[in-house]
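Here is the naming used below: chain letters follow the sequence lines, and residue numbers restart at 1 for every chain. Just so it is clear, the structure is predicted and the values come from calculations on it, not from any experiment.
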Amino acid sequence: MRASRFLLATVKETPADAVVISHQLMLRAGMIRKLASGLYNWLPVGLRVLRKVERIVREEMDASGAQEVLMPVVQPMELWDESGRAPAYGPELLRITDRHNNPFCLGPTHEEVITDLVRNEIHSYKQLPMNFYQIQTKFRDETRPRFGVMRAREFIMKDAYSFHINMESLQKTYDEMYRTYCRIFDRIGLDYRPVAADTGSIGGSGSHEFHVLADSGEDAIAFSNQSDYAANVELAEAIAVGERAGAKEELRLVDTPNAKTIAELVEQFDIPASQTVKTLIVAASEDFGGGFVALLLRGDHELNEIKAEKHPAIAGPLRFATEEEIRNLIGAGPGSLGPLNLPIPFIADQAVTLCSDFASGANIDGKHYFGINWERDLAIEVTADLRNAIEGDPSPDGKGSLTIRRGIEVGHIFQLGTKYSQALGAKVLDENGKAVVMPMGCYGIGVSRVVAAAIEQNYDDRGIIWPASIAPFDVALIPLNLKKNPREGELCERLYAELTAAGFDVLYDDREKERLGVKLADAELIGIPHRLLITEKGIDAGTLEYKGRRDADPTDVAITELTTFLQSR
RNA sequence: CGGAGUAUAGCUCAGCCUGGUAGAGCACUACGUUCGGGACGUAGGGGUCGCAGGUUCAAAUCCUGCUACUCCGACCA
């Protein structure tokens with residue numbers, strides 16, 4: 001590609017509304033431009049990267065035996081009524097009507113469509129298993145799009161759906177997809193981890209997420225320091241260890257007029273946060289008789305809302321009581337709640353049951369109890385794992401302790417089971433001629449998100465540093481001064497042809513109006529892995545100047561050796 | 001959806017408090033000089049000041065409403 005005929009839309013200034021580095025650099029490098037909130041144009045530089053990611057995904061999916069299909073973005077609501085998923089998806093599902101006033105939606109995912117296709121096309125167990133995938137545009141009307149293409153409303157996803165005669169077959173394909181995902185992210189060159197995950201709204205049993213490790217990630221992941229254990233913090237079991245210490249203090253009621261939060265209590269009364277207990281009031285489930293239930297957590301722990309929602313006594317979706325409801329129920333405000341003399345039932349996080357001599361609200365405004373002890377002062381009712389695992393917790397597999405790191409979710413694989421095939425009646429005949437509902441798996445990769453995630457992991461103060469496999473160009477070919485030194489142009493033309501013939505994607509910066517500094521800065525900003533600088537001096541010496549994107553200093557390479565030199569890199 | 005903020009040239013922003021001819025830097029066009037790390041000079045082009053009302057002799061500026069966008073929280077590839 002000649003730079004003079006290519007939209008190299010680089011900008012010097014960091015755009016004002018970009019917060020994360022990948023968003024800033026994608027805008028600065030001229031990869032994307034915003035059209036509206038969560039909607040982006042992909043410019044030539046960006047699209048080149050996107051296509052390279054797609055190619056790797058496609059090659060590995062094909063190699064795994066999956067078959068590529070392409071389904072429409074627009075889907076009839078009829079199918080969503082049939083699966084019963086429309087209400088659960090809510091306003092994130094963008095609904096539209098056609099000119100005949102028939103309801104459609106923009107597909108946020110394609111379980112319904114593929115299941116409909118398969119129920120019409122596959123009738124025998126002999127055809128199974130089959131795995132179909134597509135790389136296609138998805139639309140989710142996110143409440144808060146952010147971070148550029150990292151969380152856009154319209155995005156590119158690779159989604160795959162497998163169909164099976166039984167669970168063993170599903171497990172086999174699931175394992176194959178797990179390995180395929182590892183190969184894909186290895187080839188792209190990302191530092192990633194597969195982690196055990198919650199199955200979320202799609203439903204089903206087994207599930208792993210693939211996370212690219214980056215401080216800007218929106219997910220927290222717990223790793224064991226002594227085993228392979230890795231799980232999303234949403235899912236990671238929080239283990240309480242140790243014995244409860246004996247009571248040393250007397251129970252006493254203390255005036256705490258200015259302590260409405262754990263932080264204030266800790267500061268004003270010099271109590272460690274781990275010896276305080278906070279009390280959250282949430283709606284109870286219908287099965288539990290409705291009303292409200294209190295959740296007890298150690299002051300230094302955080303409620304895990306997913307775990308809470310799964311508890312049979314707690315209503316899902318989780319709903320916190322309003323301040324007014326709390327007052328009516330307890331007669332005190334949210335800053336003064338505690339388990340002692342609490343008129344509603346409570347569920348104590350496991351760690352809370354190990355506390356002794358702890359402080360908590362007295363259910364009287366402006367007062368706390370200090371020196372509370374279980375058994376002596378009140379009985380433990382129900383206990384559960386309600387909190388997020390934190391750094392230093394024992395690993396749930398019993399080996400080592402947990403460290404917490406941030407991750408960007410770029411892939412997710414699920415064993416769906418028969419959730420959709422059952423709802424849509426996707427069955428085949430087995431060897432006994434009996435109709436069997438097909439268990440399904442589904443496997444997603446956020447292709448456009450991978451592009452952003454790769455940047456989050458690979459950049460410096462000059463710009464992007466692409467992994468070689470997905471760089472928009474392999475080589476930047478830069479003459480020092482085309483106008484003054486025509487010999488540089490002649491050599492560039494020759495090398496451009498030679499390298500292109502050897503299979504390299506070359507950006508030949510033949511712009512006459514730009515000075516050297518601009519060209520070097522552009523090549524670095526858009527992250528081209530290899531840079532060649534052609535000078536008159538070098539031509540006389542039979543060399544050119546090479547610099548890898550991560551190199552500190554350039555090295556001279558013989559012009560005649562260039563292709564072999566680059567091939568060895 | 002709750003809270004906060006922003007909206008002036010393609011981009012980054014000043015001007016608004018205290019109403020009176022719409023500005024800078026970058027980018028763009030032309031010419032000249034320069035050119036091994038985002039050059040310099042001269043001359044240009046480019047704005048219904050987000051939209052709609054109101055107050056006023058006069059509104060980018062004050063008031064009201066709306067819209068869009070961004071950020072912080074609950075959801076997901």
What is the pairing partner of [N], taking Watson-Crick or G-U wobble pairs with both distances under 3.5 Å in any strand?
N	value
B:U6	B:A68
B:G45	none
B:U18	none
B:U55	none
B:A24	B:U12
B:A39	B:U33

Reckon [X] touches a base, only the sugar-phosphate, or nothing at all at heavy-atom distances under 4.0 Å?
X	answer
A:D522	base
A:G411	sugar-phosphate
A:V450	nothing
A:R462	base
A:A18	nothing
A:E13	base
A:R28	base
A:E514	nothing
A:I408	nothing

What's the [atom1]-[atom2] distance between [X] and [N], to the nearest Å?
X	N	atom1	atom2	result
A:R144	B:A74	CZ	C1'	11 Å
A:H23	B:C69	NE2	P	13 Å
A:E54	B:A77	CD	C1'	14 Å
A:K547	B:G36	NZ	P	18 Å
A:I306	B:A74	CD1	P	11 Å
A:H208	B:A77	NE2	C1'	17 Å
A:I526	B:G38	CD1	P	19 Å
A:N485	B:C35	CG	P	12 Å

Proximal nucleotide (of [options]) relative to the [X] side chain:
X	options	value
A:K34	B:U70, B:G36, B:A74	B:U70
A:H412	B:G36, B:A77, B:U34	B:A77
A:S37	B:C69, B:G36, B:G38	B:C69
A:D17	B:U70, B:C75, B:G38	B:U70
A:E305	B:A74, B:G38, B:A77	B:A74
A:A521	B:C76, B:G38, B:A77	B:G38
A:K513	B:A77, B:C28, B:C75	B:C28
A:L480	B:C72, B:C76, B:G36	B:G36

Plane angle bin for [Y] and [X] - parallel if under 30°, tilted between 30 and 60°, otherwise perpendicular:
X	Y	result
A:Y40	A:H23	perpendicular
A:Y178	A:H208	perpendicular
A:F565	A:Y546	perpendicular
A:Y89	A:W80	perpendicular

Given RNA chain B, 5'-ward residue of the pair A:L520 and A:S448, judged by closest heavy atom: A:L520

Closest-nucleotide 5' rank along RNA chain B - winner of A:E409 and A:V11: A:V11

Option from A:D385, A:N388, A:D349 for which side-chain hydrogen bond (donor to acceptor under 3.5 Å, both in side chains) with A:N304 holds: A:N388

Check whether the side chain of [X] and the base of [N] form a donor-acceptor pair under 3.5 Å.
X	N	result
A:R146	B:G73	no
A:N481	B:G36	no
A:R151	B:C76	yes
A:R515	B:U34	yes
A:E524	B:G37	yes

What's the gap between [N] and [M] when it is taken at their [atom1] atoms, as a whole Å value?
N	M	atom1	answer
B:G2	B:U61	P	29 Å
B:A59	B:G19	P	13 Å
B:A22	B:A60	C1'	8 Å
B:G20	B:A7	C1'	24 Å

Donor-acceptor pair between A:H301 and A:K278 side chains, under 3.5 angstrom: no

Pairing of A:R5 and A:D510 as salt bridge, 4.0 angstrom limit: no

Atom pair CZ (A:R33) and CG (A:L39), whose distance is rounded to the nearest 0.5 Å: 16.0 Å

Working for salt bridge (charged side-chain N to carboxylate O under 4.0 Å, His left out), residues A:R462 and A:D460: CA-CA 5 Å; A:R462 296 185 171 184; A:D460 63 12; 6.0 Å; no

Side-chain N or O of A:R140 closer than 4.0 Å to phosphate OP1/OP2 of B:C76: no

